[in-house]
Amino acid sequence: SKGNEHLVVVVDYCSKWIELFPIRTAKAPQIANILVREIFTRVGVLVNSVLKHLVDDIPAFSVFSKIPKQLIKEILFSKPVGTVVPKEYEDTGTICDSSRRQMVNILAAHMTETEGRIPQRLTKEKYALGIITLFPALKDPLSPKGYASFLCEHFYDGQSGSGFPEWRLKTIQRKTKLAVKSDASKVETTGGPTVGRNVIHLDNQLSDESCKEAIALTNHTSDRETILLKMHETFEYRQRLVRNPKTSSTGC
């Protein structure tokens, strides 16, 4: 229901403790974000000189390590159209609506590239803080944090989930969700009980009547060995039931 198609599995080497994290896309930034947010911030990590160079090359790590002002500046200067915004602010002391819209589009796109369709709240707050520290004239002096104001520039409010970047993110989420549904509707169904499959043959299989009795027995016993034995003896019978269109259903 949330669009997750992959699973990040993290296993502790000593205790064998396992933690699972569903993600939408199996790309390095998304996996790195999971490791930073869910693992390293809780248990820590030993980073040597070699690993440090690797960490600096992964966007999800650098987002958390850089100060907000530097982060926003680097994102804007990474795009040719983004350089117009700091230049305009330097010349005029503010930015016009079209430049602000362009800046928000660039930042929202960067968030989705590094964290997927739904970036975490901490990231949104860091981007908003970076905007008002890089462009102090956009800060609202009456707002506690400076970047949440419905009267002037409104870059993020965590409680209401609103702000210029947040509204742009919701537009991106709507478009990508529709695209995923459209692609899914074109996929032909290839499963179901009518599809031919290789049949596995086991020894000591019961007759159909005996299988019905054995299955009924498993519903009224909690003995593990008995259940496993009856499951083995009725395996081929149960497979025939599943693969028979009259006794199975493909309805969801």
Side-chain angles (χ1 to χ4, degrees), residues 1-75 78 106-131 145 147 155-163 165-166 168-184 187 190-191 224 227-228 231 252:
S1 62
K2 295 183 178 180
N4 296 316
E5 298 181 354
H6 305 275
L7 201 63
V8 177
V9 182
V10 181
V11 184
D12 179 67
Y13 182 80
C14 297
S15 65
K16 307 305 179 185
W17 175 264
I18 300 177
E19 293 195 15
L20 308 177
F21 304 97
I23 56 176
R24 294 175 179 80
T25 56
K27 295 182 179 180
Q30 283 73 36
I31 296 175
N33 179 52
I34 289 290
L35 295 176
V36 171
R37 188 177 72 240
E38 304 291 347
I39 303 299
F40 298 156
T41 54
R42 287 193 288 122
V43 301
V45 60
L46 180 62
V47 180
N48 58 28
S49 58
V50 176
L51 287 177
K52 188 177 186 304
H53 293 292
L54 297 176
V55 167
D56 291 339
D57 292 335
I58 300 177
F61 282 97
S62 59
V63 165
F64 288 94
S65 61
K66 294 176 182 175
I67 60 175
K69 180 179 178 180
Q70 177 190 356
L71 175 64
I72 300 302
K73 186 175 181 180
E74 289 185 4
I75 296 173
S78 67
I106 294 173
L107 297 180
H110 186 269
M111 274 192 259
T112 56
E113 288 173 4
T114 55
E115 295 196 11
R117 289 175 59 249
I118 308 179
Q120 59 176 313
R121 176 173 174 174
L122 180 63
T123 302
K124 299 172 187 177
E125 291 180 343
K126 187 165 189 176
Y127 277 57
L129 180 60
I131 293 172
K145 295 183 178 180
Y147 51 75
F155 293 107
Y156 185 65
D157 178 45
Q159 293 183 345
S160 62
S162 60
E166 179 69 12
R168 176 59 185 168
L169 285 171
K170 289 179 180 178
T171 301
I172 296 174
Q173 292 162 10
R174 268 196 313 272
K175 290 182 177 180
T176 53
K177 187 175 182 180
L178 291 175
V180 170
K181 285 186 176 181
S182 176
D183 295 339
V187 178
T190 57
R224 184 173 181 273
I227 293 175
L228 292 177
M231 289 179 65
C252 297

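FYI, the numbering just counts along the sequence from 1. Keep in mind that what you see is a predicted model, and the values were worked out from it rather than measured.
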For T25, all residues meeting side chain to side chain contact (heavy atoms under 4.5 Å, CB included), sequence neighbours excluded: K27, Q30
Set of residues satisfying side chain to side chain contact (heavy atoms under 4.5 Å, CB included) with respect to I75, sequence neighbours excluded: L71, I106, L107, H110, Y127
Compare every heavy atom of [Y] with every heavy atom of [X], then report the nearest pair and how far apart it is.
X	Y	result
K126	P68	O-CB, 3.4 Å
P29	E113	CB-O, 3.7 Å
A108	P165	CB-O, 4.3 Å
P22	N4	CB-ND2, 3.7 Å
R24	H6	O-CD2, 3.3 Å

Looking at residues at least two apart in the chain, or sitting in another chain, which of them share a side chain to side chain donor-acceptor pair (under 3.5 Å) with R121? E125
I need the single residue from I34, L20, L35 that forms a side chain to side chain contact (heavy atoms under 4.5 Å, CB included) with V10. Which is it? L35
Show your reasoning for whether side-chain contact (heavy atoms from CB on, under 4.5 Å) applies to V9 and I18. CA-CA 7 Å; V9 182; I18 300 177; 4.0 Å; yes
At what distance, to the nearest 0.5 angstrom, does NZ of K170 lie from CD1 of I118? 11.0 Å
Evaluate the side-chain proximity of T114 to N33: yes if any heavy-atom separation is below 4.5 Å, no if none is. no
